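Keep in mind that this is a model prediction, so the values were computed, not measured. Remember, it's 1-based here, ligands and their atoms both numbered in the order they're listed.
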Amino acid sequence: MSLLARADLEQLDRTDPLAHMRDQFDLPRGVIYLDGNSLGPPPRGVAARIARVATHEWGNGLIRSWTDAGWLTLSTSIAEKIARLVGAEPGSVAVGDSTSINLFKLLGGALAARPGRKILSEKANFPTDLYIAEGLIRHLGRGHRLQLVAAETIAAAIDDDTAVVMLTHVNYRTGAMYDMAAITAAAHARDALILWDLSHSVGAVPVDLAKAGADLAVGCGYKYLNGGPGAPAFLYIAPYLLDSLPLPITGWLGHADPFAFEASYRPAAGITRALTGTPPILSLTALDAGVDVASQAPIEAIRTKSLQQIELFIQLVEQECGDSLRLVTPREAERRGSQVCFAHPDAGAIMQMLVDRGVIGDFRPPDILRFGIAPLYLSYTNLWDAVALISGMLNENPFTQRAERH
Ligand SMILES: Cc1ncc(COP(=O)(O)O)c(C=O)c1O
């Protein structure tokens with residue numbers, strides 16, 4: 001393979017069909033942002049949009065804005081946009097609460113739908129997914145089990161005692177991606193439900209929940225959807241389960257007639273039942289802006305650029321840093337999401353120095369340097385400049401010379 005030069009990456013920028021999307025974001029000058037898989041940057045104009053809602057709709061409209069400004073239906077319209085991004089049927093996605101709370105709702109529903117059976121998940125799943133499962137089981141007090149296995153053995157571990165298989169589609173630490181259709185089919189073969197956490201997938205990789213036959217899903221609004229810090233999350237319930245899944249959180253906005261203020265809960269029809277309480281309008285305003293930007297570019301174009309950028313990043317690291325960094329993300333394109341990770345014994349110190357010099361990725365203990373690839377605002381020359389900085393730092397500082405092989 002011939003060596004890459006900065007000019008090669010400049011040429012790719014000139015012909016990049018997504019290059020214009022960068023103008024849709026407000027990114028600080030001098031920063032190369034490789035952490036959009038943790039917190040996406042603000043869409044251009046979002047601060048003014050929030051200010052308008054605060055001043056006009058809240059300030060002038062006051063309580064009238066629940067109806068006059070469409071506040072009551074805002075979460076539904078965002079949910080329909082997110083549904084299109086994840087291949088969900090219309091009316092099967094709800095927006096609100098956090099990913100953690102949505103996990104609680106859906107796991108609670110799944111355990112009730114498959115009584116007496118266990119939750120199966122991956123040891124290296126994102127902690128909140130596992131903590132929520134533990135807390136739910138403790139709360140139910142009926143001896144449910146949470147079984148954790150290695151990613152490679154998930155399919156084999158699904159058995160007739162499994163109520164729900166709960167997995168994060170793209171692993172937060174390594175960037176490894178499951179074959180959604182294959183694992184979903186394996187769960188269904190044992191009459192288990194599947195619950196996908198799409199936090200690292202939505203807006204980054206093509207997802208088709210309906211085609212895969214998935215039952216349940218959740219996901220974050222603040223990563224590749226650029227919905228702002230703590231943005232409301234989303235959940236998906238397959239249409240065939242919508243009226244039968246017994247959800248454990250029964251808030252008034254999930255009631256069949258919330259403004260009748262009845263003394264007893266009656267579930268609304270369809271996905272509305274999954275809503276909980278008063279929607280956070282200022283946060284939803286930011287999320288709406290982020291989802292609109294994410295919806296502007298075809299996901300196939302985003303995926304093509306993401307895969308090419310990761311390939312180039314790996315090639316540049318190997319070219320410029322020798323074997324100092326060990327690749328952790330799978331090499332096969334179809335097995336990874338939109339981030340690239342390397343291990344190094346001094347990863348924490350290296351990342352701190354990178355961030356201090358304007359290349360923002362993140363460190364995941366004990367030894368992982370994690371770089372999120374968000375093709376909507378990341379240029380090809382950004383990759384060159386980031387790797388040049390990493391290589392210079394590795395040469396100039398007394399870091400452990402070589403990543404341990406393990
Ligand atoms: C896979 C995954 N699930 C859930 C969360 C966070 O959930 P919450 O929005 O409740 O903080 C994250 C956050 O990084 C995540 O990576």
Side-chain angles (χ1 to χ4, degrees), residues 33-41 75 78-79 82 85-86 93-108 119 121-136 146 148 151 154 164-178 180 183 194-205 207 209 214 216-236 248-249 274-277 279-280 283-284 286-287 290-291 328-329 336-341 351 360-365 368 370-374:
Y33 197 52
L34 296 163
D35 216 353
N37 54 328
S38 210
L39 175 66
S75 80
I78 300 172
I82 293 179
L85 294 177
V86 294
V93 171
V95 164
D97 302 315
S98 63
T99 313
S100 305
I101 301 292
N102 288 333
L103 280 163
F104 185 89
K105 293 186 212 172
L106 297 189
L107 279 179
I119 300 173
S121 192
E122 179 196 338
K123 270 189 199 130
N125 201 347
F126 188 77
T128 208
D129 301 52
L130 304 181
Y131 301 165
I132 289 289
E134 281 178 14
L136 173 67
L146 170 62
L148 301 180
I154 278 284
V164 57
V165 183
M166 171 187 67
L167 295 172
T168 297
H169 183 219
V170 174
N171 185 277
Y172 78 104
R173 198 197 293 266
T174 63
M177 181 166 75
Y178 281 106
M180 180 179 282
I183 301 282
I194 186 98
L195 194 175
W196 290 106
D197 184 335
L198 301 177
S199 293
H200 292 269
S201 312
V202 60
V205 301
V207 176
L209 290 169
L216 307 165
V218 296
C220 284
Y222 48 79
K223 297 177 186 292
Y224 297 96
L225 292 183
N226 310 302
F234 66 92
L235 63 77
Y236 164 80
I249 297 183
L275 296 177
T276 309
S283 299
L284 285 172
L287 177 62
V291 170
V328 173
T329 305
R336 63 175 182 241
S338 199
Q339 66 184 53
V340 57
C341 306
M351 186 51 77
I360 304 180
D362 60 22
F363 163 61
R364 284 292 173 265
I368 290 191
R370 190 175 78 150
F371 302 101
I373 302 296

Looking at side-chain heavy atoms only, is the closest gap between [X] and [Y] below 4.5 Å?
| X | Y | answer |
| --- | --- | --- |
| Pro232 | Asp97 | no |
| Ser199 | Thr168 | no |
| Met177 | Arg336 | no |
| Thr128 | Thr99 | no |

At a 4.0 Å threshold, what atoms of ligand 1 neighbour a non-hydrogen atom of [X]?
| X | answer |
| --- | --- |
| Asp197 | 1 (C), 2 (C), 3 (N), 4 (C) |
| Thr168 | 1 (C) |
| His200 | 1 (C), 15 (C), 16 (O) |
| Ser98 | 10 (O) |
| Tyr222 | 6 (C), 7 (O), 8 (P), 9 (O), 11 (O), 13 (C) |
| Thr128 | 4 (C), 7 (O) |

Suppose we measure from [atom] to each protein heavy atom; which comes out shortest, and what is that distance?
| atom | value |
| --- | --- |
| atom 7 (O) of ligand 1 | Thr99 CB, 3.4 Å |
| atom 10 (O) of ligand 1 | Ser100 OG, 2.5 Å |
| atom 12 (C) of ligand 1 | Phe126 CE2, 3.4 Å |

> Quick one: which of Leu130, Asn171, Asp129 gives a side-chain contact (heavy atoms from CB on, under 4.5 Å) with Glu122?
Replying inline: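 Running side-chain contact (heavy atoms from CB on, under 4.5 Å) over Leu130, Asn171, Asp129 with Glu122 returns exactly one hit, Asn171.
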
> Quick one: salt bridge (charged side-chain N to carboxylate O under 4.0 Å, His left out) partners of Asp35, sequence neighbours excluded?
Replying inline: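 Here no residue qualifies.
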
> Evaluating non-hydrogen atoms only, which member of Arg173, Lys223, His169 is closest to atom 14 (O) of ligand 1?
Replying inline: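 Selected option, by shortest heavy-atom distance: Lys223.
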
Donor-acceptor pairs under 3.5 angstrom involving side-chain atoms of residues 216-228: please list them, not counting sequence neighbours.
{"residue": "Lys223", "atom": "NZ", "partner": "Asn37", "partner atom": "O", "Å": "3.3"}
{"residue": "Tyr224", "atom": "OH", "partner": "Ser338", "partner atom": "O", "Å": "2.9"}
{"residue": "Asn226", "atom": "ND2", "partner": "Tyr224", "partner atom": "O", "Å": "3.3"}

> Just heavy atoms, cut-off under 4.0 Å: does Asp129 contact ligand 1 by side chain, backbone, both, or neither?
Replying inline: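 It is the side chain that gets close, since no backbone atom is under 4.0 Å.
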
> ligand 1 versus Ser199, non-hydrogen atoms closer than 4.0 Å: side chain, backbone, both, neither?
Replying inline: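 Within the 4.0 Å criterion, Ser199 contacts ligand 1 through side-chain atoms alone.
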
> How are the rings of Trp196 and His169 set to each other: parallel, tilted or perpendicular (split at 30° and 60°)?
Replying inline: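 Rings of Trp196 and His169: perpendicular, as their planes differ by over 60°.
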
